[in-house]
Number of protein chains: 2
Amino acid sequence: MNLQTIKASCSNCNLRELCLPIGLSDEQMQRIDDIVAVRRKIKRGGMLFHNGEAFSSLYAIRTGFFKTSVATEDGRDQVTGFQMAGEIIGLDGIVNDHHTCDAVALEDAEVCVMPFDRLEDLSREITVLQNHVHKVMSREIVREHGVMLLLGSMRAEERLAAFVLNLVQRLHTRGFSQSELVLRMTREEIGSYLGLKLETVSRTFSKFVDDGIVEVKQRHIRILDTDALKRIVNHQRECD
Amino acid sequence: MNLQTIKASCSNCNLRELCLPIGLSDEQMQRIDDIVAVRRKIKRGGMLFHNGEAFSSLYAIRTGFFKTSVATEDGRDQVTGFQMAGEIIGLDGIVNDHHTCDAVALEDAEVCVMPFDRLEDLSREITVLQNHVHKVMSREIVREHGVMLLLGSMRAEERLAAFVLNLVQRLHTRGFSQSELVLRMTREEIGSYLGLKLETVSRTFSKFVDDGIVEVKQRHIRILDTDALKRIVNHQRECD
DNA sequence: CGTACCCTTGATGGAGATCAAGTGCAGTGG
DNA sequence: CCACTGCACTTGATCTCCATCAAGGGTACG
């Protein structure tokens, strides 16, 4: 296995407030440190886990950027999400003790390995941790509801606008700009996530540029008019 | 409130193996009975909970059939799932202490009310129950991955075939026929779930009838050729 | 028995897919 | 340093599937 492992420590991790509940005592934090014993590095293009693999751990992303995707037997696949620092990945594996999607690093990444059985043990003793785990899973369910809404009822422009706004908002939470971002994924991966072909993604970006809403230079995006993007998402029909 | 409440009991419920983990002792079962104290009846068309409502409980469906749906500010909405006896509903509410979707009964229904805080309490003491809750949530995440795949990459025929197969399979688990089912939802609700218009759903059913794959009489569906449906789902391109 | 809703079917239109060509950029090796 | 190669991206032309618009029919229920 081409993976590197290093000792992890949550207590002095600056992503603590993203991964963990607030209000943990020093002693509780120490016990969490003990089970989140190991970090793992994944090279760009490498897999954190893959469909069919036995499930043992959840992963908290420390650095880097991932995509998760599912596939049909006949070869089509669908990107189900893009995950960044502070987010938890691997929840799909719990139900059947095997992962049902692939997680691929879109840039060099590092994750904290959280053995799930130990996490369950600790959740039984630390109430706020238990509740936190439930909220993380519920958040993922709600996020996917949003994607279903997007895929089921939005047109291409709305999908892409919603996508860009979502990405930049999450990056902003992590201290990055509200108006600039660098895409870590290809047009094809964006298209797969949004249920569009890569040409449509490209054309739609071009249209946004023509309309003066964004600047696009390869994967570098600068948002010139956030409100216009929001209007596109919420208000498809210009008439009313 | 137009709801009726009655005392619930899991220990002699025939859906036990759908809602609860196996291997509970009598004493553990009794404690679960204690927290699942109440059942609630919902009339056809009534709401179990709605978007924005404070979250307090999960619900186990005892009888009846529900749809859940989310909506955008500008009024479009998307059915996110259809739920039947033995399934758990309300997981969306955990993350923000408020529900983010509507749950509507498509026929007269009865649910068991499971106050979530008490469920968390008990989960800390009964390991298999804790793990069960995690699996229920993970199962929902995986289910939604499947819907995303459907919405993002399948054509109308594939979507409807997958939908019918999924429904009949779940009904079969509950002791119903493998080849016959009664739809509890309208064509429009099916369309919303599948990202299609009701006319397309209707036309696609008609095409299946023409092809001798199913019989359709209003909401009564009889599957004549399950394999053909499976082939439509897995093998979109007839050429290869 | 009438009314309302749900469903089916036909005709037409349009958003996005597909097919195709060309451009720009990064990495490689001469 | 520059040609070469490969990949990601853009843009144009055409096609197709599904949406939309429209009309009619069946069924349930008061």
Side-chain angles (χ1 to χ4, degrees), chain A residues 43-45 67 76 78-79 104 106-108 150-164 182-211 214-221 232 236-239, chain B residues 43-45 67 76-79 104 106-108 150-164 182-211 214-221 232 236-240:
Chain A
K43 284 249 166 269
R44 178 161 174 272
K67 69 168 177 180
R76 283 172 288 179
Q78 169 76 25
V79 171
V104 175
L106 296 180
E107 57 181 8
D108 290 359
L150 180 147
L151 290 173
S153 73
M154 290 186 181
R155 50 189 46 259
E157 283 181 42
E158 300 173 296
R159 294 183 198 193
L160 191 63
F163 171 74
V164 170
V182 176
L183 300 173
R184 303 275 116 138
M185 69 295 281
T186 67
R187 302 286 190 265
E188 185 169 18
E189 287 163 336
I190 296 172
S192 172
Y193 183 59
L194 299 178
L196 303 170
K197 292 291 152 184
L198 68 95
E199 294 95 328
T200 304
V201 174
S202 180
R203 274 185 242 274
T204 307
F205 268 132
S206 298
K207 176 165 190 317
F208 287 171
V209 171
D210 290 347
D211 295 350
V214 300
E215 281 176 19
V216 177
K217 203 175 278 178
Q218 296 293 116
R219 300 199 181 174
H220 194 105
I221 310 286
I232 289 170
Q236 63 168 11
R237 301 156 219 286
E238 286 302 315
C239 44
Chain B
K43 282 249 166 271
R44 178 159 174 273
K67 69 167 177 179
R76 283 170 289 179
D77 70 284
Q78 168 76 26
V79 172
V104 175
L106 297 180
E107 57 182 7
D108 290 359
L150 180 146
L151 290 172
S153 74
M154 290 187 182
R155 50 188 50 257
E157 283 181 42
E158 299 174 297
R159 294 183 198 193
L160 191 63
F163 171 74
V164 170
V182 176
L183 301 173
R184 300 294 159 180
M185 69 294 282
T186 66
R187 303 288 190 263
E188 185 168 19
E189 288 162 334
I190 296 172
S192 173
Y193 182 60
L194 299 179
L196 302 170
K197 292 292 154 186
L198 70 94
E199 295 95 328
T200 304
V201 173
S202 181
R203 273 185 243 275
T204 307
F205 269 133
S206 298
K207 177 166 189 315
F208 288 171
V209 171
D210 291 347
D211 294 350
V214 299
E215 281 176 18
V216 177
K217 202 174 278 181
Q218 294 295 115
R219 299 199 180 174
H220 194 105
I221 310 286
I232 289 170
Q236 63 170 17
R237 301 157 219 286
E238 287 302 316
C239 45
D240 52 351

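Numbered from 1 within each chain, the chains take letters A, B, ... in sequence-line order.
Distance from the side chain of R203(B) is smallest for dC21(D) among the nucleotides dC18(D), dC21(D), dG16(C). Among dT18(C), dG16(C), dC18(D), the nucleotide with an atom closest to any side-chain atom of R155(A) is dG16(C). Distance from the side chain of K197(A) is smallest for dT18(C) among the nucleotides dT18(C), dA19(D), dT9(C).
Counting to the nearest Å, the C1' atom of dT10(D) and the CZ atom of F208(A) are 16 Å from each other. Across the protein-nucleic acid pair, E157(A) atom CD and dG14(C) atom C1' stand 14 Å apart, rounded to whole Å. Look at CG on L160(B): it is 11 Å from P on dC18(D), rounded to the nearest Å. Rounding to whole angstrom units, CD of residue E199(A) and P of dC9(D) are separated by 12 Å. Across the protein-nucleic acid pair, L196(A) atom CG and dC17(D) atom C1' stand 15 Å apart, rounded to whole Å. One can place CZ of R159(B) at 8 Å from P of dA19(D), the figure rounded to the nearest angstrom. Rounded to whole angstrom, the span from the CD1 atom of I190(B) across to the C1' atom of dC18(D) amounts to 17 Å. Between L198(A) atom CG and dC19(C) atom P the separation is 13 Å, expressed in whole Å.
Of all heavy-atom pairs between A156(B) and T200(B), the closest is CB-CG2, 3.9 Å. Of all heavy-atom pairs between E158(B) and I232(B), the closest is CG-O, 3.3 Å.
For R187(B) against dT9(C), no side-chain N or O and base N or O form a donor-acceptor pair under 3.5 Å.
Using a 4.5 Å cut-off on side-chain heavy atoms (C-beta onward), I190(B) and L198(B) make no contact. Using a 4.5 Å heavy-atom threshold, the side chains of V201(B) and E188(B) count as separate. Under the 4.5 Å side-chain criterion, counting only non-hydrogen atoms from C-beta, Y193(B) is not in contact with R159(B).
Contact annotation: T200(B) does not reach the phosphate of dC17(D) (side-chain N/O to OP1 or OP2, under 4.0 Å). Look at S202(B) and you won't find any side-chain N or O under 4.0 angstrom from OP1 or OP2 of dT9(C). Taking 4.0 angstrom as the limit, R219(A) places a side-chain polar atom (N or O) nearer than this to OP1 or OP2 of dC9(D).
At the heavy-atom level, G191(A) lies nowhere under 4.0 Å from the strands shown.
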